[in-house]
Amino acid sequence: MHRRRFFGTSAGLFATLQSGSLLKAEKAVDSISGRPADTVARDEDFWFNVRHAFTVDRNMINLNNGGVSPAPKTVMDTEIRYLEIENMSPSYYMWNVLDPGVETVRRRLAQMFGCDTEEIAITRNASEANEIVQLGMKMNPGDEVITTNQDYPRMITTWQQRERRDGIVLKQLKFPVPPPSMDYLAKMFEEAITPKTKVIHICHITNRTGQIFPVKTICRMARDRGIETMVDGAHAFAQFPFKHEDLDCDYYGTSLHKWVLAPIGTGMLYVKKSKIEKIWPMMAAPPELNGNIRKFEEIGTHPASQRNAITEALDFHDSIGPERKAERFRYLRKRWSNRLRELPGVKILNSEDPEQSCAIGFISIDGFDAPKLSTYLWTKHRIWTVAIVTPGEYQGLRITPNVYTTLEEVDTFADVMEKIIRKGEIPS
Ligand SMILES: Cc1ncc(COP(=O)(O)O)c(C=O)c1O
């Protein structure tokens with residue numbers, strides 16, 4: 001990456017550093033120019049500088065960044081600055097001065113996703129983005145939606161509510177983790193299609209074992225059969241690089257407060273231009289907006305500060321470099337999982353194929369109760385993880401570090417886990 005771009009697009013990235021550290025940072029950036037992303041993934045000088053852009057609590061080890069992530073200080077500062085401005089005289093400063101800035105956010109998000117600016121709506125989270133489509137789509141009794149039982153519970157609840165309200169039918173497919181192949185997942189959907197199938201709803205990457213889906217194959221296959229495709233990208237956007245053309249879906253919803261590192265309470269919805277008109281917004285909009293993506297943002301008074309600070313997060317993301325970020329995530333995941341995978345009873349349930357996995361790691365241990373293990377890690381070691389149970393199938397811990405996570409933190413997790421696993425039980 002070019003040095004000028006690194007600093008030029010992320011003014012404030014090193015704002016918390018002393019000038020001596022800035023010099024060090026410059027050297028670090030110089031030293032990575034032209035080097036492959038998987039090499040930079042192991043370059044602790046580079047990640048040292050990245051982690052100093054955050055103000056996280058280092059007296060806990062946060063391995064649940066998948067739930068929601070801290071924003072870098074530069075993003076927080078921007079949000080606070082906008083908040084202070086809008087609070088001076090909100091009906092003027094928020095509506096007249098700050099709100100127009102949302103069009104820059106829209107343009108930048110469209111650029112990153114690789115679509116037209118007029119196809120992007122800014123939402124409060126992935127739930128809102130996904131539900132706009134799920135609830136706004138015209139469906140008749142008996143119409144089928146196919147998804148999996150490992151999709152996000154709230155999105156399943158949304159379809160289930162439509163079952164009760166509108167008489168649609170939800171089919172949830174089961175699949176082994178890790179699955180035998182991407183083709184297996186695509187075929188599973190193809191075989192489940194019936195003449196009644198109207199929608200295929202898939203996670204780009206599941207929130208459980210972090211399985212990446214063959215989105216493009218499924219979307220193309222669905223389109224050939226006149227079926228619409230809704231992709232829940234809550235975990236994918238900015239976890240690893242891709243563009244809309246790599247997916248070819250009709251609808252895409254994501255959070256921005258996960259891997260984009262944007263302010264908490266931000267999300268994005270993509271709707272293919274030709275489909276905007278036929279999706280009803282969740283909150284009513286006037287008919288003049290029928291074909292306008294902004295109809296999905298008619299939510300009443302809301303802060304501009306969170307939304308407008310998204311651009312700062314996108315700059316930060318670009319400054320690290322999407323490929324480097326993804327490779328760092330894979331490196332951190334392998335660092336702990338390769339240490340633990342051969343121990344008795346251990347099953348690593350995320351795929352090892354780089355096409356099928358990135359930041360999210362998942363460990364299951366025979367005979368261990370995952371919620372109890374997670375509680376033990378927190379109460380005795382201040383290691384914050386999330387236990388995930390898929391009833392009747394598997395349970396374990398989902399481990400999601402972030403760009404600010406240190407090797408010492410990952411190694412401490414691995415040390416503690418190794419001791420517990422060798423002992424064969426959770427210490428009392
Ligand atoms: C796959 C998936 N979809 C949707 C969501 C909902 O995201 P949010 O809480 O930001 O609305 C999540 C949250 O973890 C998720 O993992």
Side-chain angles (χ1 to χ4, degrees), residues 62-71 75 109 121-136 145-161 170 172-173 175 177 185 199-215 218 229-240 242 247 249 251-270 282-283 296-297 299 302 306-307 309-310 313 329 349-350 356-362 374 384-390 396-402:
N62 183 0
L63 297 177
N64 184 14
N65 289 276
V68 61
S69 275
V75 175
L109 286 170
I122 293 131
T123 63
R124 289 168 286 192
N125 46 49
S127 302
E128 184 182 21
N130 292 334
E131 288 193 43
I132 285 171
V133 177
Q134 291 180 276
L135 298 173
V145 176
I146 309 177
T147 187
T148 77
N149 68 332
Q150 296 187 49
D151 269 69
Y152 194 64
R154 185 175 294 110
M155 282 38 268
I156 291 172
T157 300
T158 307
W159 288 122
Q160 286 171 336
Q161 182 171 295
L170 179 66
Q172 289 179 254
L173 310 179
F175 60 95
V177 286
L185 295 172
V199 181
I200 287 180
H201 173 126
I202 44 173
C203 272
H204 192 176
I205 171 166
T206 68
N207 75 303
R208 293 170 177 253
T209 63
Q211 175 64 39
I212 300 177
F213 265 66
V215 174
I218 293 174
T229 46
M230 161 80 222
V231 178
D232 177 351
H235 273 281
F237 198 54
Q239 190 185 124
F240 49 91
F242 60 87
L247 311 174
C249 54
Y251 311 101
Y252 194 91
T254 185
S255 310
L256 301 176
H257 47 222
K258 292 184 189 290
W259 302 97
V260 177
L261 311 176
I264 297 166
T266 54
M268 176 189 103
L269 169 66
Y270 160 85
M282 259 207 298
M283 290 181 76
F296 301 120
E297 297 169 2
I299 58 168
H302 56 275
Q306 292 162 348
R307 295 181 169 211
I310 292 169
F329 289 152
L349 296 184
N350 56 269
Q356 298 186 57
S357 58
C358 189
I360 301 178
F362 195 98
S374 180
W384 187 241
T385 59
V386 62
I388 290 191
V389 180
T390 304
L397 302 182
R398 183 187 73 183
I399 303 302
T400 47
N402 211 325

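These numbers come from a predicted model, not from an experiment. When reading the values below, keep in mind they use all heavy atoms of this one structure, side chains included, and skip hydrogens, waters and symmetry mates. We count ligands from 1, going down the list as the structure has it; atoms in each ligand are counted the same way.
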Mind checking whether Phe242 and His204 have parallel, tilted or perpendicular rings, split at 30° and 60°?
perpendicular

Counting only heavy atoms and a distance below 4.0 Å, can you name the residues contacting ligand 1?
Asn125, Ala126, Ser127, Tyr152, Met155, Cys203, Asn207, Asp232, Ala234, His235, Ser255, His257, Lys258

Taking the six-membered ring for Trp, are Phe237 and Tyr270 closer than 6.0 Å centroid to centroid?
no

For Ser69 and Asn402, test the side chains for any donor-to-acceptor distance below 3.5 angstrom and give the result as yes or no.
yes

Heavy-atom closest contact (Cys358 atom, Gln239 atom, distance)
CB-OE1, 3.2 Å

Determine the minimum heavy-atom distance between Ser255 and Ala126, stating which atoms define it.
OG-CB, 3.1 Å

Could you tell me if the ring centre of Tyr152 sits under 6.0 Å from that of His235?
no

